Amino acid sequence: AQSVSQHNHHVILSEAASLELGCNYSYGGTVNLFWYVQYPGQHLQLLLKYFSGDPLVKGIKGFEAEFIKSKFSFNLRKPSVQWSDTAEYFCAVGGSQGNLIFGKGTKLSVKP
Amino acid sequence: DAGITQSPRHKVTETGTPVTLRCHQTENHRYMYWYRQDPGHGLRLIHYSYGVKDTDKGEVSDGYSVSRSKTEDFLLTLESATSSQTSVYFCAISDRASYNSPLHFGNGTRLTVT
């Protein structure tokens, strides 16, 4: 069964620091990968997705992610975080039922 | 934002009572999903539907049933609520124009079972 691992449970950064959140998936075949963000008290929103093509994917709000097939990784990055990026971030892989399989999430706290 | 409405937004109920959560969409999407979100577990799929009257189980379906009599409505029923079902429940929809299309989520229902 496919699975997703997010290694960092809680990341604390100061504003303007660079961000990288790790995500590894288990399936070795063709994968569709996603990053979602959940701001406090809100629902999940799509940040970016990878289906095929350029392994460097750019999303909304200045986020990007790089698909590295050899490492089964899809890490999320942002060069300079803002206080408004405080949220929980979920990596997900497309499942065989058309659903998404989510990692356990990484909470990001950005100190002003 | 996709037109997804979950009701109720908050509910407190007692152990052993039945509870029904409703997800209503205005997007005419074929696929609908129920997830639960728990600290340390992320989101886990309970049930999903791929059309009217067509549903299937997800990863954590025990103690839950669903029904979809119309395209726009997907109901989740806890047959006899237990404290372990205290959670935040999210409905999601997808048009599956392409395989593994992104899901669009509702605002969630926070359920507390006492």
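Since this is a predicted model, take the numbers as computed values, not measurements. The sequence lines fix the lettering, A, B, ..., with proteins before strands; numbering per chain opens at 1.
Heavy atoms closer than 4.5 Å to chain A are found in the side chain of B:Phe90, but not in its backbone. At a 4.5 Å heavy-atom cutoff, the contact between B:Gln37 and chain A is made by side-chain atoms alone. Contact of A:Leu46 with chain B is made through the side chain alone, with heavy-atom distances under 4.5 Å. For chain A, the nearby parts of B:Leu103 are the backbone and the side chain; heavy atoms of each come within less than 4.5 Å. Heavy atoms of B:Tyr50 lying under 4.5 Å from chain A are absent altogether. For A:Gln6, no part lies under 4.5 angstrom from a heavy atom of chain B.
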Under the salt bridge (Lys or Arg N to Asp or Glu O under 4.0 Å) rule, what do B:Arg68 and B:Asp54 come out as? Steps first, then yes or no, please. CA-CA 7 Å; B:Arg68 187 148 177 224; B:Asp54 291 324; over 6 Å; no

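B:Asp38 and B:Ser87 are linked by a side-chain donor-acceptor pair at a separation below 3.5 angstrom, with hydrogens and angles left out of the test.
Contact tally against chain A (heavy-atom pairs below 4.5 Å) for B:Gly58, B:Gly40, B:Gly108: the top residue is B:Gly40.
Between the side chain of B:Ser94 and the backbone N or O of B:Tyr31 there is no donor-acceptor pair closer than 3.5 Å. Looking at B:Thr86, its side chain does come within 3.5 Å of a backbone N or O of B:Val113 through a donor-acceptor pair.
In the hydrophobic cluster analysis, where Ile, Leu, Val, Met, Phe, Trp and Tyr join through side-chain heavy atoms closer than 4.5 angstrom, B:Leu75 is grouped apart from B:Val88.
Here the side chains of A:Arg77 and A:Leu56 are in contact, with some heavy-atom distance below 4.5 Å.
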